[in-house]
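Below is one structure; the comments refer to it alone.
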Amino acid sequence: MLLAEQRRLLCEYGRRAAETGLVVGTAGNLSARAGDLVAVTPSGVSLDRLEPEACPVIDVEGHLVDGELQPSSETPMHLAVYTTTDARAVVHTHSIFGTVVATTMTELPPIHYNALLLGGTVRVAEYATFGTPELAANVRAALTDRQAALLANHGGVTVGDDLHKAFEATRLLEWLCEVYVRAKSVGEPRVLTEEQLSAVVRRAFDPPRFPRRED
Ligand SMILES: [Zn+2]
């Protein structure tokens, strides 16, 4: 089977996305690239009951290469990422807190240093109808130098070197959005400054070393 491993992983992470509540029913899609081919979740199939054979394989120009079902309607967005970046996997969901932020804000400011793992401030791509080239272009622009973007009044998208990394980025994006929304209900969240974020980066490259005790 063409792209057998990628199709297996689509099912594994599709199931995990459904089980963890990131995706309800068909409200999300995943893809993984290998060479000039992309395995993508099919249109109209719940991610918790996906089988590898049901996942179509397309080329990066959008031609169907293998599979009976049509690719997800959001495939143009996935292809826009693959044709302009080195990403090997894309995860898109309508997760609750991501969608709340995407519906009310123009960006998610960094109030926790783990936002740096997604590239810092997460942009909200301008609204356009789902599945259109216009939405794909807006998302592509919002992803510049980022591993994540939110889609206005729609949801979120993350990219990675493989499906595991893209999926973990989606979990982190949802966590950051939930922290922001919950913090906002208590008071005005403090946004980390450029200097505070730079200090985090320096610390990450120079972690503390603990010497072994001499007995
Ligand atoms: Zn969507």
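As the structure is a computational prediction, the values presented were derived from the model and not from experiment. Read the numbers this way: they start at 1 and go in the same order the structure lists the ligands and their atoms.
- Taking Glu126 as the reference, nothing meets the salt bridge (Lys or Arg N to Asp or Glu O under 4.0 Å) condition, with sequence neighbours excluded.
- Chaining together hydrophobic side chains whose heavy atoms lie under 4.5 Å apart places Leu47 alongside Leu9, Leu10, Tyr13, Leu22, Val23, Leu30, Val45, Leu50, Leu69, Val91, Leu163, Phe167.
- Under 2.8 Å from the Zn ion (ligand 1), one finds the following protein N/O/S atoms: His92 NE2, His94 NE2, His154 NE2.
- Looking at residues two or more places apart in sequence or on another chain, you find no salt bridge (Lys or Arg N to Asp or Glu O under 4.0 Å) involving Arg212.
- Taking the six-membered ring for Trp and thresholds of 30 and 60 degrees, Tyr82 and His78 have ring planes inclined between 30 and 60 degrees apart.
- No donor-acceptor distance shorter than 3.5 angstrom exists from the side chain of Arg213 to the backbone of Asp215, with no hydrogens or angles considered.
- The existence of a salt bridge linking Glu174 and Arg171 is excluded, since no basic side-chain nitrogen approaches an acidic carboxylate oxygen closer than 4.0 Å.
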